Student: 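Can you read through this structure? Questions will come right after.
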2 protein chains.
Amino acid sequence: MVTRAETAAATRRALVRAASELLDEGGTDAVTLRAVGARAGVSRGAPYGHFENKERLLARLTVDAWNSLADEVERLRAVPGRPGSRLERAVLALVGISRRRPHLYALMFSTPADTPEAAAAARRLERAFLAIVADVVGEADSLRYGALLMSSAHGIAGLERTGHLAEEKWRISGDQLVSMLIDGIVRSGARNTGSARGMAPG
Amino acid sequence: MVTRAETAAATRRALVRAASELLDEGGTDAVTLRAVGARAGVSRGAPYGHFENKERLLARLTVDAWNSLADEVERLRAVPGRPGSRLERAVLALVGISRRRPHLYALMFSTPADTPEAAAAARRLERAFLAIVADVVGEADSLRYGALLMSSAHGIAGLERTGHLAEEKWRISGDQLVSMLIDGIVRSGARNTGSARGMAPG
DNA sequence: TCGTTCGTATGACAATGTCACACGAACGAC
DNA sequence: GTCGTTCGTGTGACATTGTCATACGAACGA
């Protein structure tokens, strides 16, 4: 027995899946509503029954990606080990999705989190990440170091993705850059515990 | 007297200028060959007499931007003052162009420097930037710190541009993040002069 | 002076996002 | 069980855009 709601939900899932695959395979240009419909087994106009327009469909992909990344970072919080190594893994998680799914990553950060759903997903990730940062530098400085690490991770991911961080040229890998940052922060945090105030105050 | 070569060169300049303006005003979507031609006072097909296709026209914009940024950083090298403050200004120059011309910046870093001209322009910027970095951390570590600062600057610029680094949320500005980085590097460089090896070795 | 060259204008075409409209089956009320 | 309704879907149509083929026309060189 197939209710109408069930088939509609299945179609919607198929559309999202098709768009996700097409994005990974050929970038944003390859995500055509006609191609999405074809891969999902429906016509070119069917997506408009589920998404206001193409932009909304792509926004759905980014929200899912934000949430999936938030899941990953939240799980990381429970991993045993030194806080510094957890933090390093969290930063590498951000860089990792850019490596595994570059087109999706570019899409995630090509636009502000303009829908409430996207904002909530982004907040989830930020909160999970900040908790891991706080375990290293303390609550008071978690925002500053969190912003710094997120920015750097984003930059490393971006430059890697476009080949501007080629290791032959800079003699250093993205992973090593992350290590530099983490070690510098851990060390500065260890130098003046108590106030937990490394580097320069704003 | 207007020779044919002169008018052609003028048209080409007008096309580049029109494309640049349209990019700043409305982003990549607004850069339509028809709109470019109209603003330049020629027809929609005229650009094909000067550029292989739309992509090449946009590539011209990015090469000019890379070179202009390289000029700026090269000039910075001669500014008197402490090396650390010069370095900070150089990093802020990278972030600055993203603030002044966000669409152009996004375009610059949306693609690898695939033409020889683009690669040369990018190399100019990197070389100028590395010289300023070397004045602070020494020649031996300039590559690692240069890569780190460029990545971080790129990330700050990117997150700022898409609103993901909103100051109300993170309680810190992009400029302050740059300060944190510079101060941390200057301080770690001062801590162990001689080997000039701050933070963790790769 | 005359044929050539080359920048430009125009027509045309395919691809794409989007809307209006029509069909048809699942659905709910009786 | 019947019937009008709802809603997901398919299809035709249109504007926009990148791109190419072709034609025109003025500057150029012999």
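Protein chains get the first letters and strands the later ones, always in sequence-line order, with residue 1 at the start of each. Being a predicted model, the structure only gives us computed values, none of them experimental.
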Student: Quickly work out the Arg34(B) CZ to dT8(C) P distance and round it to whole Å.
Tutor: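 Answer to the nearest Å: 17 Å.
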Student: Applying side-chain contact (heavy atoms from CB on, under 4.5 Å), can you list everything that pairs with Leu143(A), at least two apart in sequence or on another chain?
Tutor: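 With sequence neighbours excluded, Leu143(A) shows a side-chain contact (heavy atoms from CB on, under 4.5 Å) to Leu130(A), Trp170(B), Arg171(B), given in chain and number order.
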Student: So what does Val31(B) hit on the nucleic acid, given a heavy-atom distance under 4.0 Å: a base, only sugar-phosphate, or nothing?
Tutor: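 Sugar-phosphate contact only.
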Student: Where does the chain B footprint on DNA chain D start and end, counting 5' to 3' with a 4.0 Å heavy-atom cut-off?
Tutor: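 On DNA chain D, the outermost contacted nucleotides are dT17(D) to dC28(D).
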Student: Between C1' on dA14(C) and CG on Asn53(B), what's the gap in Å once rounded to a whole number?
Tutor: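 Taking atom C1' of dA14(C) as the reference, CG of Asn53(B) is at 17 Å.
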Student: Does a donor on one side chain sit under 3.5 Å from an acceptor on the other, for Ser179(B) and Glu88(B)?
Tutor: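 Indeed, the side chains of Ser179(B) and Glu88(B) share at least one donor-acceptor pair under 3.5 Å.
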Student: May I have the distance from His50(A) (atom NE2) to dT18(C) (atom P), rounded to whole angstrom?
Tutor: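 Atom-to-atom, His50(A) to dT18(C), this comes out as 16 Å.
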Student: Could you walk me through whether Arg99(B) and Asp175(B) satisfy the salt bridge (charged side-chain N to carboxylate O under 4.0 Å, His left out) test, starting with their C-alpha distance in whole Å, then the side-chain angles of each, then the deciding distance to 0.1 Å, before giving a yes or no?
Tutor: CA-CA 12 Å; Arg99(B) 290 173 178 161; Asp175(B) 285 0; 2.9 Å; yes
Student: For dT16(C), does either OP1 or OP2 sit under 4.0 Å from a side-chain N or O belonging to Thr32(A)?
Tutor: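 Yes, Thr32(A) has a side-chain N/O under 4.0 Å of OP1/OP2 on dT16(C).
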Student: Specify the separation, in whole Å, of atom NZ of Lys54(A) and atom P of dA15(C).
Tutor: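 Atom NZ in Lys54(A) sits about 15 Å away from atom P in dA15(C).
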Student: Drop me the distance from His164(B)'s NE2 to Ile156(B)'s CD1, to the nearest 0.5 angstrom.
Tutor: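 Those atoms lie 15.5 Å apart.
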Student: Is it true that Arg127(A) and Glu74(A) have a side-chain N and a carboxylate O under 4.0 angstrom from each other?
Tutor: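 Result for this pair is no, no salt bridge flagged.
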Student: Check step by step if salt bridge (charged side-chain N to carboxylate O under 4.0 Å, His left out) holds for Asp71(B) and Arg75(B).
Tutor: CA-CA 6 Å; Asp71(B) 290 342; Arg75(B) 277 195 302 270; 5.2 Å; no
Student: Could you tell me how far apart Asp29(A) (CG) and dG17(C) (C1') are, to the nearest whole angstrom?
Tutor: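 Answer to the nearest Å: 14 Å.
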Student: Tell me whether Arg100(B) is salt-bridged to Asp24(B), with the criterion being a basic N under 4.0 Å from an acidic carboxylate O.
Tutor: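 Judged by the 4.0 Å cut-off on N to carboxylate O distance, Arg100(B) and Asp24(B) do not form a salt bridge.
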Student: Between the side chains of Ser20(A) and Arg101(A), does any donor sit under 3.5 Å from an acceptor?
Tutor: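 Checked: Ser20(A)/Arg101(A) side chains pair up, N/O donor to acceptor below 3.5 Å.
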Student: Taking CG from Leu57(A) and C1' from dT16(C), how many angstroms apart are they, rounded to a whole number?
Tutor: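 In whole Å, dT16(C) C1' lies 15 Å from Leu57(A) CG.
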Student: Once you round it to whole Å, what is the distance between P of dT18(C) and CD of Glu52(A)?
Tutor: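 To the nearest whole Å, that distance equals 9 Å.
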Student: Give a yes or no on whether a donor-acceptor pair under 3.5 Å exists between the nucleobase atoms of dG17(C), that is its base, and the side chain of Arg44(A).
Tutor: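 Looking at the base of dG17(C), it does not pair with any donor or acceptor on the side chain of Arg44(A) (distance under 3.5 Å).
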Student: Please report, rounded to the nearest Å, how far the C1' atom of dT18(C) is from the OH atom of Tyr48(A).
Tutor: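 Rounded to the whole Å, the gap is 4 Å.
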Student: Runs of at least three consecutive Watson-Crick or G-U pairs, both distances under 3.5 Å, are what I'm after; which ones involve DNA chain D?
Tutor: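 Detected stem regions: C:1-30 with D:1-30.
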Student: At what distance, to the nearest 0.5 angstrom, does CZ of Phe129(B) lie from OH of Tyr145(B)?
Tutor: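 Spacing of CZ (Phe129(B)) from OH (Tyr145(B)) equals 13.5 Å.
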